[in-house]
Amino acid sequence: MEDNMDIKTTIVNTLHAALADELDHDQINELLEVPKSSKLGDYAFPTFVLAKTRHQAPQQIAQALVAELDHAPYEKIEANGAYVNFFLDKGEFAEATLADIFNEGDHYGDATLGENGNVPIDMSSPNIAKPMSMGHLRSTVIGNALANIYAKIGYHPIKINYLGDWGTQFGKLIVAYHKWGSEAEIKADPISNLLKYYVRFHAEAEKDPELDDEGRAWFKKLEDGDPEATHLWEWFRRLSLAEFQKIYDRLGIQFDSFNGEAYYNDKMDPIVDDLKAKNLLQPSRGAQIVDLTDENLTPALIKRSDGATLYITRDLAAATDRYHQFHFAKSLYVVGNEQTEHFKQLKAVLKKMGDDWADDIIHVPFGLITKDGKKLSTRKGNVVLLEKVLDEAVDLAKQQIAAKNPDLPNADQVAHQVGVGAVIFHDLKNDRLDSFDFSLAEVVRFEGETGPYVQYSNARAQSILRKAGHHADRQGNLTIDDPAAWDTIKFLAEFPATVLRAAREYEPSVIAKYALRLSKTFNKYYANSKILVADDQLNARLALVEATSQVLQQALALLGVQAPEEM
RNA sequence: GGCCCCGUAGCUCAGCUGGAUAGAGCAACGGUUUCCUAAACCGUAGGUCAUCAGUUCAAAUCUGAUCGGGGUCACCA
């Protein structure tokens with residue numbers, strides 16, 4: 001049951017035997033690195049640090065070390081310049097890795113780090129009466145991937161869709177509906193008509209500022225429980241949720257909670273009272289604030305001059321509520337980078353209130369998506385509709401199937417898996433914080449570093465297994481020493497460490513990049529080596545194909561991307 | 001202006017805790033299919049890692065400044 005860490009430990013011990021007077025185990029472990037090219041071995045020890053104490057050139061030290069070390073556990077050890085390069089016994093390593101993957105199955109790469117701690121994840125959070133845009137997609141798919149990743153390492157994620165279902169915009173919407181809307185229009189196409197009213201409201205309010213006052217007045221009515229306002233609000237909310245659900249179904253994402261902003265309406269007073277009791281609240285320019293100058297932050301605005309609550313008031317209530325409900329190990333907020341300041345304020349206020357658990361609140365920011373270099377704005381109608389993008393991607397996938405694999409059964413289902421997979425993968429493959437300008441052509445690409453490329457790699461692996469007609473024998477020969485297969489085997493062994501890194505950095509792209517690298521090495525192997533030939537390593541090769549497919553599927557599953565067996 | 005993020009090939013980006021000739025994909029050009037799906041594979045071409053200074057045996061990677069792009073800076077969320 002060897003894995004990466006054990007091998008590294010073995011190498012550290014080998015080196016320590018010769019370096020006991022100079023370096024301890026930890027120091028050697030720190031220095032040990034993985035060479036860029038596997039031609040240079042699997043692990044390398046740089047000797048520069050010994051140059052001073054030994055008063056020798058690093059090259060000489062490397063050669064001297066090679067002569068001293070125990071070569072037995074390795075294929076070979078070589079001095080190359082200032083480095084001591086270790087080459088692992090390929091057959092033995094392959095056998096250990098493949099056996100590991102088979103024994104653990106879908107649990108390969110699992111960890112118990114989380115000890116079942118709750119991790120609420122604030123994600124997606126679309127606004128009622130507005131269509132979901134590419135921006136909401138980011139929060140949705142990053143949050144979903146993090147939930148999967150955290151579940152894999154032993155946490156208990158709780159996916160919370162913090163709907164934007166409260167605020168002045170509803171007053172505006174009610175006004176707009178009264179003036180220009182109709183029940184029939186909304187029933188026919190809820191979101192696009194509600195959006196139409198909303199956009200028109202903002203256009204007309206430019207000329208007629210009194211509209212804004214009317215909007216505020218209607219929102220006030222809503223807050224005071226006016227029956228008509230409440231009825232309209234409930235109606236808009238219900239229709240919007242139904243529309244959102246269609247998109248979530250297509251994306252294959254479920255939530256544990258839809259407690260949006262409105263849910264916290266009656267939970268803010270205790271927070272405000274608590275702030276008062278702790279002498280944190282102070283009047284300023286007619287409003288109520290918490291001063292944060294000592295934290296080098298702008299003041300947190302708790303109540304407007306007209307007494308209404310604000311975003312942070314609600315978030316304080318939500319954070320507190322989540323803490324009492326879940327006693328979370330961590331509380332994640334997958335929200336755009338432009339709100340970094342807000343979360344700093346949120347944590348700072350909680351800390352002032354004595355809530356030390358605020359340290360466990362983690363804002364997971366992501367970069368801005370622009371269109372033609374400009375920020376997307378619902379009000380200005382400058383949006384990229386997620387639904388359209390998904391439609392486009394699925395259509396294109398259908399065309400590809402018709403051209404490349406016309407006899408494919410379940411073509412429609414596969415087109416959905418591939419099209420949606422492409423969109424999700426595209427959003428997850430880059431560093432979260434990178435901003436990018438939206439390009440439909442780029443999002444629906446199926447070649448190169450894309451989701452479909454990974455899916456295709458897996459589909460080919462599945463195809464081989466079908467042709468073979470049987471599974472690899474787990475008790476049989478798993479010792480594959482073909483150099484062409486070596487990179488694939490090494491990447492397979494790296495999966496558990498990769499999952500941990502993705503979790504540590506709150507970075508799904510780590511998994512996406514891993515899936516791409518594994519696909520690439522596998523495709524290279526596939527293109528140059530014949531797998532289904534009857535010789536003494538057939539079983540080992542089949543095992544490699546099966547293990548690769550298994551890990552690719554795992555990686556895709558973590559990202560929330562489906563893996564068709566044929567495409 | 002203060003604070004935050006970013007600046008690597010024509011374009012989109014990798015580069016983990018500093019280490020051996022800076023890597024992919026797309027686009028361009030050329031090649032591979034009687035053989036497990038060519039949504040693939042191989043090759044050619046393409047870079048003063050924004051600039052300058054510092055720390056170090058070693059800097060794309062760490063520190064500071066400068067330039068450039070984006071975000072944000074109280075009654076939106």
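Just so it is clear: chains get the letters A, B, ... in the order the sequence lines come, proteins before strands, and each one is counted from 1.
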Just call it for D431(A): base, sugar-phosphate, or nothing, with non-hydrogen atoms closer than 4.0 Å on any strand. sugar-phosphate

Quick note, R445(A) side chain, CB onward, closest among rC26(B), rU17(B), rA38(B) is rC26(B)

Describe the nucleic acid contact of A468(A) in one word from base, sugar-phosphate, nothing, applying a heavy-atom distance below 4.0 Å. nothing

From the set rC36(B), rA24(B), rC13(B), return the single nucleotide nearest to any side-chain atom of E449(A). rA24(B)

Side chain of V418(A) only, please: which of rA38(B), rA20(B), rA39(B) is the nearest? rA39(B)

Tell me: CD of E566(A) to P of rA39(B), nearest whole Å? 14 Å

Partner nucleotide of rA20(B) by Watson-Crick or wobble geometry (both distances under 3.5 Å): none

Do N337(A) and H363(A) have a side chain donor and acceptor closer than 3.5 Å? no

Run the side-chain hydrogen bond (donor to acceptor under 3.5 Å, both in side chains) check on T298(A) and Q345(A) step by step: do they pass? CA-CA 8 Å; T298(A) 50; Q345(A) 290 181 325; 3.0 Å; yes

S509(A) and N430(A): side chain donor to acceptor below 3.5 Å: no

OP1 or OP2 of rC36(B) sitting under 4.0 Å from any side-chain N/O of R541(A)? no

Watson-Crick or G-U wobble partner for rG46(B), using a 3.5 Å limit on both distances? none

Quick one: which of rA38(B), rU21(B), rC42(B) gets closest to the side chain of K524(A)? rC42(B)

Taking atom types as they are modelled, is there a donor-acceptor pair under 3.5 Å from the base of rA14(B) to the side chain of S509(A)? no

Taking CG from N458(A) and P from rC36(B), how many angstroms apart are they, rounded to a whole number? 19 Å

Phosphate-side-chain proximity, K36(A) and rA20(B), N/O vs OP1/OP2 below 4.0 Å: yes

So what's rA65(B) paired with, Watson-Crick or G-U wobble, going by both distances under 3.5 Å? rU51(B)

K530(A) has a side chain; which of rC35(B), rA20(B), rU17(B) sits nearest to it? rC35(B)

Using a 4.0 Å heavy-atom cut-off across all strands, classify I401(A) as base, sugar-phosphate, or nothing. base

Picking from rU37(B), rA39(B), rG71(B), which would you name as closest to the side chain of E447(A)? rA39(B)

For rA14(B), give its Watson-Crick or G-U wobble partner with both distances under 3.5 Å, or none. none

Which base sits across from rU56(B) as a Watson-Crick or G-U pair, both distances under 3.5 Å? none

Under 4.0 angstrom, heavy atoms only, what part of the nucleic acid is E505(A) near: base, sugar-phosphate, or nothing? nothing

Candidates rC42(B), rG71(B), rC57(B) - which lies nearest the side chain of E338(A): rG71(B)

Would you mind telling me which of rC5(B), rA39(B), rC4(B) lies closest to the side-chain atoms of L433(A)? rC5(B)

Whole angstrom is fine here: how far is it from CG in D434(A) over to P in rC13(B)? 6 Å

Can K76(A) be said to sit on top of F87(A)'s aromatic six-ring, NZ or CZ under 6.0 Å from centre and within 45° of the ring axis? yes

Remember a base hit wins even if backbone is also touched, and classify S457(A) as base, sugar-phosphate or nothing at under 4.0 Å, heavy atoms. nothing

Taking the side chain of K513(A) as heavy atoms from C-beta outward, which of rU37(B), rC57(B), rA14(B) is closest to it? rA14(B)

Pairing partner of rC3(B), by Watson-Crick or G-U wobble and under 3.5 Å for both distances, is rG71(B)

Complementary nucleotide for rA40(B) - Watson-Crick or wobble, under 3.5 Å: rU32(B)

Is there a donor-acceptor contact under 3.5 Å linking the side chains of D42(A) and W486(A)? yes

Whole-Å distance, K39(A) NZ to rU21(B) C1', equals 11 Å

Rounded to whole Å, CZ of F446(A) lies from C1' of rA40(B) at a distance of 16 Å

How is T340(A) classified with respect to the nucleic acid when contacts are heavy atoms under 4.0 Å: base, sugar-phosphate, or nothing? nothing

Looking only at side-chain N and O atoms, does Y456(A) come under 4.0 Å of OP1 or OP2 in rA39(B)? yes

Atom P, compared across rA59(B) and rA74(B): separation rounded to whole Å: 43 Å

Over how many whole Å does the gap from K344(A) atom NZ to rC5(B) atom C1' extend? 10 Å

Side-chain contact check for R501(A): nearest option of rA20(B), rA39(B), rC16(B) is rC16(B)

Just say parallel, tilted or perpendicular for the rings of F343(A) and Y333(A), cut-offs at 30° and 60°. tilted

With no hydrogens and no angle check, do the side chains of Y43(A) and N85(A) hold a donor and an acceptor under 3.5 Å apart? no

Identify whether any heavy atom of L310(A) sits under 4.0 Å from a base atom; if not, whether one sits that close to sugar-phosphate; answer base, sugar-phosphate or nothing. sugar-phosphate

At under 4.0 Å between heavy atoms, what does N85(A) touch on the DNA or RNA strands: base, sugar-phosphate, or nothing? base

In whole angstroms, the gap separating P of rA14(B) from NZ of K520(A) amounts to 17 Å

Under 4.0 Å between any heavy atoms, over every strand shown, what does A51(A) touch: base, sugar-phosphate, or nothing? Just pick one. nothing

In the strands shown, is rA9(B) matched to any nucleotide by a Watson-Crick or G-U wobble pair with both distances under 3.5 Å, and which? none

Between rA77(B) and D165(A), counting only base atoms on the nucleotide and side-chain atoms on the residue, is there a donor-acceptor pair under 3.5 Å? no

S38(A) (side chain) donor-acceptor with G41(A) (main chain) under 3.5 angstrom: no

Over all strands shown, is P365(A) touching base, sugar-phosphate only, or nothing at heavy-atom distances under 4.0 angstrom? nothing

Take atom CZ of F201(A) and atom P of rC76(B), then tell me their distance rounded to the nearest Å. 13 Å

What does A459(A) touch in the nucleic acid at a heavy-atom separation under 4.0 angstrom: a base, only the sugar-phosphate, or nothing? base

Please classify the nucleic acid contact of Y453(A) as base, sugar-phosphate, or nothing, using heavy-atom distances under 4.0 Å. sugar-phosphate

Are Y453(A) and N523(A) close enough that a side-chain donor and a side-chain acceptor fall under 3.5 Å? yes

Once you apply a heavy-atom cut-off of 4.0 Å, does S435(A) come out as touching a base, just sugar-phosphate, or nothing? sugar-phosphate

